[in-house]
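Count residues from 1 along the sequence. Side chains are part of it too, since the values below use all heavy atoms of this structure and drop only hydrogens, waters and symmetry mates.
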Amino acid sequence: MAVEILTHGSVLARFGHALSDPTRARLLLALREGPGYPAELADLMGCTRQKLSNHLTCLRGCGLVVAVPEGRRVRYELADPRLAHALGDLLGVVLAVDPEACPDSAEKGCC
């Protein structure tokens, strides 16, 4: 398996991509609390196992979660314990949202 070394900008872009989807963001927050198994995580997220699998694949591809085999099961957890701290820090940020700055946000993919 090849491991890619990323620049700071690339790391942030991958993190941003992961957080850009509400389900992936909720999934990261759930894994912040501790490891989880796909069936349980799908129930927690209120989505199908296939949809959850796609999100986990994305998060693994971004380098944010890892799959840990446990016999016939697979446990998912954050790839680095510092991610839990980083997510906690992000939750503490207060945003001053200006709706006038992005009036067409749905069409243009803005925030």
Side-chain angles (χ1 to χ4, degrees):
M1 172 191 247
V3 175
E4 184 179 352
I5 304 299
L6 302 174
T7 63
H8 290 140
S10 295
V11 169
L12 289 177
R14 285 174 181 257
F15 198 62
H17 175 72
L19 292 175
S20 69
D21 180 89
T23 301
R24 287 194 301 267
R26 289 178 47 232
L27 189 50
L28 285 171
L29 291 175
L31 293 175
R32 175 179 174 248
E33 300 300 319
Y37 299 92
E40 296 161 2
L41 291 168
D43 289 344
L44 182 65
M45 298 294 115
C47 65
T48 66
R49 290 183 187 182
Q50 180 59 48
K51 183 176 177 183
L52 181 87
S53 176
N54 292 340
H55 287 299
L56 287 170
T57 299
C58 176
L59 293 173
R60 278 192 356 251
C62 287
L64 299 174
V65 302
V66 293
V68 180
E70 285 186 345
R72 297 177 61 150
R73 295 175 56 169
V74 176
R75 181 184 78 234
Y76 285 86
E77 58 190 48
L78 295 177
D80 186 317
R82 293 175 290 186
L83 286 170
H85 182 64
L87 289 165
D89 286 347
L90 284 173
L91 290 173
V93 172
V94 176
L95 301 176
V97 178
D98 181 0
E100 299 297 318
C102 264
D104 300 326
S105 62
E107 293 85 25
K108 294 184 181 178
C110 187
C111 50

Taking C-beta and beyond as the side chain, do Tyr76 and Leu27 meet within less than 4.5 Å on heavy atoms?
-> no
Would Met45 end up clustered with Leu78 when hydrophobic side chains under 4.5 Å apart are linked, directly or stepwise?
-> yes
In terms of heavy-atom contacts, Gly63 and Ala79 come closest through O-CB, 3.3 Å
Would you say the side chain of Val66 lies within less than 4.5 Å of the side chain of Glu77, judging by non-hydrogen atoms?
-> yes
Minimum heavy-atom distance Leu52-Ala42, with the two atoms named = CD2-N, 3.7 Å
Do Leu19 and Leu87 have side chains that get closer than 4.5 Å, going by heavy atoms?
-> yes
Can you find a heavy atom in the side chain of Leu41 that is under 4.5 Å from one in the side chain of Leu31?
-> yes
Would a distance-only check, ignoring hydrogens and angles, find a side-chain to backbone donor-acceptor pair under 3.5 Å from Arg32 to Ala84?
-> yes
Within 6.0 angstrom of Arg49 CZ, more than 12 heavy atoms from elsewhere | no
Hydrophobic clusters join Ile, Leu, Val, Met, Phe, Trp and Tyr when side-chain heavy atoms are under 4.5 Å apart, directly or via other members; which others share one with Tyr37?
-> none
With side chains defined as the heavy atoms from C-beta onward, is the minimum distance between Arg24 and Cys62 less than 4.5 Å?
-> no
Would you name the heavy atoms of Asp21 and Thr23 that are closest together and state the gap between them?
-> OD2-N, 2.9 Å
